[in-house]
Amino acid sequence: MGTVRKLVVEVIEARNLLPKDGHGTSSPYVLVDFYGQRRKTRTVTRDLSPQWNEMLEFNVGKPSDVFGDMLELDVYHDKSIGPTTRNNFLGRIRLSATQFVKKGEEALIYYPLEKKYWFSWISGEIGLKIYFVEQLVVPEVKAEPKQAPPAESTEAAPEGEKPNSIEEEPPAQVVENPTTVEAEPPANEAENPTSVLMDPPQEGEFTQLKRSVSSGSIREVKVSNNINIVTGPRPISRASSVIFSDAGSGPIEPSSFDLVEKMHYLFVRVVNARSLPTVGFPVVKIVVSGSHVVSKPARKTVLFEWDETFAFGRDAPDSSSLLEVSVWDPLSAKSSFDPTSDVAGHVFLGGICFDVSEIPLRDPSDSPLAPQWYRLEGGGAHRGDLMLATWVGTQADDSFPEAWKTDTAGNPASKSKLYQSPKLWYLRSSVIEAQDISHLTHSKDSSYHIKAQLGFQVQKTKSITPTSTGSPSWNEDLVFVAAEPFSENHLLFFLIETDRTAKEQTVLAVASIPLTTIERRVDDRMVASRWFTFEDPNEKKRIYKGRVHLRLCFDGGYHVMDEAAHVCSDYRPTARQLWKAPIGTVELGIIGCKNLLPMKGKGSTDAYAVAKYGNKWVRTRTISDSLEPRWNEQYTWRVYDPSTVLTIGVFDGCSEVVFESDECMRPDFRIGKVRVRISTSTTGKVYRNTFQLLLLSQAGLNKMGEIELAVRFIRATPTLDFLHVYSQPLLPMMHHVKPLGMVQQDSLRIAAVKIVASHLTRSEPPLRCEVVTYMLDADSHSFSMRKVRANWFRIINVIAGVIDIVKWVDDTRGWKHPTATLLVHALLVMLVWFPDLIIPTFAFYVFVIGAWNYRFRSRDTLPHFDPKISLAESLDRDELDEEFDALPCTRPNELVRARYDKLRMLGARVQTILGDFATQGERVQALVTWRDPRATGIFIGLCFVVAFILYLVPSKMVSMAFGFYYLRHPIFRDRMPSPALNFFRRLPSLSDRML
């Protein structure tokens with residue numbers, strides 16, 4: 001019994017279609033094509049907003065070049081019902097299969113109908129629900145004919161099994177490939193099937209030996225006596241692999257890790273053993289290049305199983321050393337799980353040795369190396385066999401992420417991992433009213449409010465006094481953040497009574513709603529409201545306590561913000577149906593760090609890096625006891641919007657070796673962070689830069705070291721489509737149709753950060769809460785005097801260009817540069833007599849400025865944190881302590897009083913500036929409001945004179961006269977302020993009326 005995947009298209013309705021029958025109506029039907037299959041709905045007679053409510057099913061096959069993954073839907077007018085001489089085409093839509101979701105996540109979406117041809121006239125939209133569903137397929141059993149003889153029924157059995165054999169044909173083709181490889185051994189191995197003993201070299205190096213491993217027996221090989229081995233087994237040679245017969249003579253081919261440096265590792269995979277003379281749980285010891293490691297005790301089944309992979313770092317791929325693999329049986333029942341522990345007191349069962357120079361190099365694109373059986377030597381009369389595989393590879397190897405590594409000290413929590421943020425939804429609950437609660441009232445002076453709770457999130461409605469009918473009405477929207485899966489959570493509504501006289505609150509009833517029963521929507525359509533029953537919160541039995549009227553829905557048209565808006569890495573809505581195709585990919589190579597400060601008392605750092613973009617998190621392995629760790633790991637993300645930010649953080653991890661059941665109590669300390677904005681990079685260019693790791697703490701600005709990164713953005717869409725993204729809104733449609741308030745967004749973001757941190761903490765190894773909080777900038781909105789001053793200087797820097805223009809105009813007007821002033825006079829004459837040139841001239845001037853600044857663009861480096869802009873180099877200790885103080889304040893009262901007085905002084909300055917702005921605006925209003933009758937009379941009289949003159953005199957003459965008067969020479973100018981400015985300053989304001 002198997003499953004078949006089907007695509008279900010629910011055609012609900014259409015709106016505002018074009019009339020096609022000549023009588024102002026249409027008789028539409030829908031035609032859907034998917035994967036070579038066509039389905040048709042019924043025809044709705046004479047209706048421009050038809051409703052079908054039909055379900056169409058399509059079989060989903062494997063990807064094919066003949067049939068694409070596009071779903072095409074066409075709406076036509078039925079000519080048989082309403083004949084028309086015009087085209088009966090009413091519109092179409094084309095959707096990619098990547099937008100479809102599985103059953104349970106579908107939502108009703110209205111798609112605008114598109115044109116088929118350039119000059120088509122199309123209007124309206126169609127509502128669809130599209131989702132995948134898995135259906136069980138029961139195989140048909142054909143009954144055998146009763147009259148058939150036994151011989152015929154026996155011959156019919158293979159024919160009945162013929163379809164099964166056809167379905168199993170592709171696996172049979174896969175099995176043929178290893179057979180083909182083994183059938184073509186190297187020529188030298190075919191000519192010399194027996195082992196050959198090589199003469200020892202004269203320079204004291206160990207002997208290179210080769211032997212073949214046959215399926216029938218394992219041959220013994222003698223070793224020369226000049227190999228000095230103090231302990232362990234007698235060395236035997238490494239058998240050459242027929243697949244990698246020429247791999248040791250050349251370098252590894254380029255892999256996908258092209259942004260980072262290749263790090264060569266010697267991989268040893270220990271699979272299992274057989275025929276060992278022990279009933280215990282043996283361990284495997286591996287020694288190479290001064291490093292030794294002991295595996296975990298074997299799992300005893302039919303064989304002794306380990307299935308562990310070890311990766312030993314190598315400085316160069318051609319370095320020569322000896323690899324020793326031995327099997328030991330512990331004497332005591334208590335065995336060590338520490339990979340670096342000694343094997344003293346263990347019984348030696350046998351071992352083998354390999355010449356590392358004979359171990360082949362494996363390209364990451366090749367298939368995994370097949371392990372082989374090797375006879376253990378030196379363990380006495382009873383010899384066992386050990387299955388293992390050894391090869392030399394890089395960090396791009398498939399076995400590298402899960403392998404034990406020498407630079408991680410064997411800590412299981414130090415492996416490179418990929419994490420996925422939970423899928424977050426906004427849950428909108430509209431509390432409308434409650435009924436049948438009058439019998440619960442304890443006092444006539446009571447008011448009621450609803451407290452809604454989802455996990456740790458609690459929100460309340462306003463308190464309402466019941467009307468004459470005894471039914472309070474609220475009509476308030478409460479928005480929560482919910483994470484999938486929804487099966488474990490319930491939304492609780494508490495009816496709370498507040499006694500105004502006693503000022504006490506009593507929980508009268510509660511309603512529990514499973515999240516799985518709540519409808520999902522992707523637009524602003526109205527969701528049907530429902531009544532839910534209140535129950536007694538103190539009774540186990542269900543007792544009716546009234547009911548509450550609610551409108552609940554998951555809003556999938558929003559993007560749930562878990563990052564600050566200015567450093568967000570993704571703006572896609574929650575609903576997958578609304579996602580657009582990616583515009584490219586960003587590749588990040590985390591190479592390593594330099595000059596890190598020691599974070600532990602022993603003078604070392606266990607550093608690892610975390611990168612976050614969109615809902616994908618990556619964590620590098622933890623390099624133990626190193627101030628210059630080298631990761632050389634590369635990751636890739638899909639990019640949906642160029643105005644997004646990639647965040648990379650470096651942390652000092654826990655140095656204790658912990659396992660799945662343990663947890664390190666020490667927090668992971670911050671080292672620094674880097675942000676890379678995708679839009680600042682050139683397409684296809686590799687930026688390999690070194691960034692300073694800056695950390696601002698209560699002690700001040702600390703330079704924690706440097707990190708070397710390589711970043712490349714690759715565009716995957718045509719140029720016009722990529723540039724078209726810049727004209728699209730940054731946030732999804734629902735943020736503009738039904739926006740959320742700023743305070744509400746901040747509270748929802750805090751809840752989203754807590755949910756994401758809780759989810760990633762439950763991973764293995766966990767991405768700890770302090771790491772997630774730092775990466776998401778959860779504390780970026782705290783008050784800081786440093787940020788206030790920095791933002792003020794940013795405003796000054798923005799208007800500095802305007803100030804420079806004002807100074808240039810003043811210098812030109814003062815004839816400081818006579819030549820420039822004369823040129824301005826000529827430009828004034830040209831623009832006055834040819835006013836159509838004003839806008840083109842201005843646009844050309846901006847173009848010249850942009851082209852001039854193109855020479856000074858940043859070519860090789862990406863923007864990074866600037867301590868000067870942040871005012872982090874010259875810090876006031878008291879302000880820094882205030883910035884990192886928690887809420888509520890924990891400092892002494894004297895210090896809090898001093899900070900409050902300082903804040904009052906700053907507030908007085910802001911108050912003065914705001915008053916000056918208000919005064920200037922009120923003076924403008926006073927020109928026509930007759931607060932000063934004489935001033936208003938003068939102003940309107942001058943306006944009448946100016947209007948009369950401009951009616952008689954051409955505007956060009958007036959503009960030229962005004963320009964020449966404004967640019968007159970200083971000898972014709974008075975040093976006192978102009979009469980117009982004096983008149984404006986004398987206008988009254990409301991400042992004299994303030995207390």
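What you are looking at is a predicted structure, and each value in this text was computed from that prediction instead of being measured.
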Exercise. Does some side-chain heavy atom of Trp631 sit less than 4.5 Å from a side-chain heavy atom of Cys593?
Worked result: yes

Problem set entry | Check: Ser763 and Lys417 side chains under 4.5 Å, non-hydrogen atoms | no

Exercise. Got a salt bridge between Glu54 and Arg39, using NZ or NE/NH1/NH2 to carboxylate O under 4.0 Å?
Worked result: no

For this session: Answer yes or no: does atom CZ of Arg638 have more than 12 heavy-atom neighbours from other residues, nucleotides or ligands under 6.0 Å?
Result: no

Exercise. Is Lys673 positioned over the aromatic face of Phe865, cation under 6.0 angstrom from the ring centre and no more than 45 degrees off axis?
Worked result: no

Exercise. Is the Phe722 ring parallel, tilted or perpendicular to the Tyr726 ring (thresholds 30°, 60°)?
Worked result: perpendicular

Seminar exercise, completed: All heavy atoms of Gly556 vs all of Trp425, minimum pair found to be CA-CZ3, 3.5 Å

Exercise. Going through the checks in order, is the side-chain contact (heavy atoms from CB on, under 4.5 Å) test met by Leu424 and Val756?
Worked result: CA-CA 9 Å; Leu424 303 179; Val756 172; 3.9 Å; yes

For this session: Identify, with sequence neighbours excluded, every residue that meets side chain to side chain contact (heavy atoms under 4.5 Å, CB included) alongside Glu13.
Result: Arg15, Gln51, Tyr110

Exercise. Taking all non-hydrogen atoms of both residues, which atom of Leu646 and which atom of Lys612 are closest, and how far apart?
Worked result: CD1-O, 3.6 Å

For this session: Cation-pi check, Arg619 to Tyr419: give yes when NZ or CZ is under 6.0 Å from the six-membered ring centre and within 45° of the ring axis, no otherwise.
Result: no

Exercise. Are Asp555 and Lys738 ion-paired here, with the side-chain N under 4.0 Å from a carboxylate O?
Worked result: no

Exercise. Which heavy-atom pair separates Val11 from Leu56 by the least distance, and what is that distance?
Worked result: CG2-CD1, 4.1 Å

Problem set entry | Sub-4.5 Å side-chain heavy-atom contact between Pro729 and His736 | yes

For this session: Give a yes or no on whether Arg42 atom CZ has more than 12 heavy-atom contacts from other residues, nucleotides or ligands under 6.0 Å away.
Result: yes

Exercise. Salt bridge between Glu72 and Arg94, side-chain N to carboxylate O under 4.0 Å?
Worked result: yes

Exercise. Looking at Gln577, Glu106, Glu10, Lys6, which hits side-chain hydrogen bond (donor to acceptor under 3.5 Å, both in side chains) with Tyr131?
Worked result: Glu10

Exercise. Would one find more than 12 heavy atoms of other residues, nucleotides or ligands at under 6.0 Å from atom CZ of Phe856?
Worked result: yes

Exercise. Is Leu862 close to Thr680 at the side-chain level, that is, under 4.5 Å between some pair of heavy atoms?
Worked result: yes

Exercise. side-chain contact (heavy atoms from CB on, under 4.5 Å) between Ile583 and Asp721: does it pass, once the steps are laid out?
Worked result: CA-CA 8 Å; Ile583 61 173; Asp721 294 342; over 6 Å; no

Problem set entry | Note: Lys102-Glu134 ion pair, threshold 4.0 Å (strictly below) | no

Problem set entry | Sub-6.0 Å ring centroid separation between Phe554 and Tyr426 | no

Exercise. Under 3.5 Å, is there a donor-acceptor pair linking the side chains of Tyr613 and Thr644?
Worked result: yes

Exercise. So with a 6.0 Å cut-off around CD1 of Ile799, is the heavy-atom count from everything else above 12?
Worked result: yes

Exercise. Does Asp562 come within less than 4.0 Å of Arg749, counting only side-chain N to carboxylate O?
Worked result: no

Exercise. Above 12 or not: heavy atoms from other molecules or residues under 6.0 Å from NZ of Lys580?
Worked result: no

Problem set entry | Ion pair Glu484/Arg520, N-O distance below 4.0 Å | yes

Exercise. Ile648 pairs by side-chain contact (heavy atoms from CB on, under 4.5 Å) with which of Val610, Val676, Val618, Thr620?
Worked result: Val676

Problem set entry | Residues, nucleotides or ligands: over 12 heavy atoms within 6.0 Å of Arg794 CZ | no

For this session: Check the pair Tyr608 / Val771 against side-chain contact (heavy atoms from CB on, under 4.5 Å), numbers first and verdict last.
Result: CA-CA 11 Å; Tyr608 67 92; Val771 175; 3.4 Å; yes

For this session: Show your reasoning for whether side-chain contact (heavy atoms from CB on, under 4.5 Å) applies to Ile869 and Asn797.
Result: CA-CA 10 Å; Ile869 296 178; Asn797 189 29; over 6 Å; no

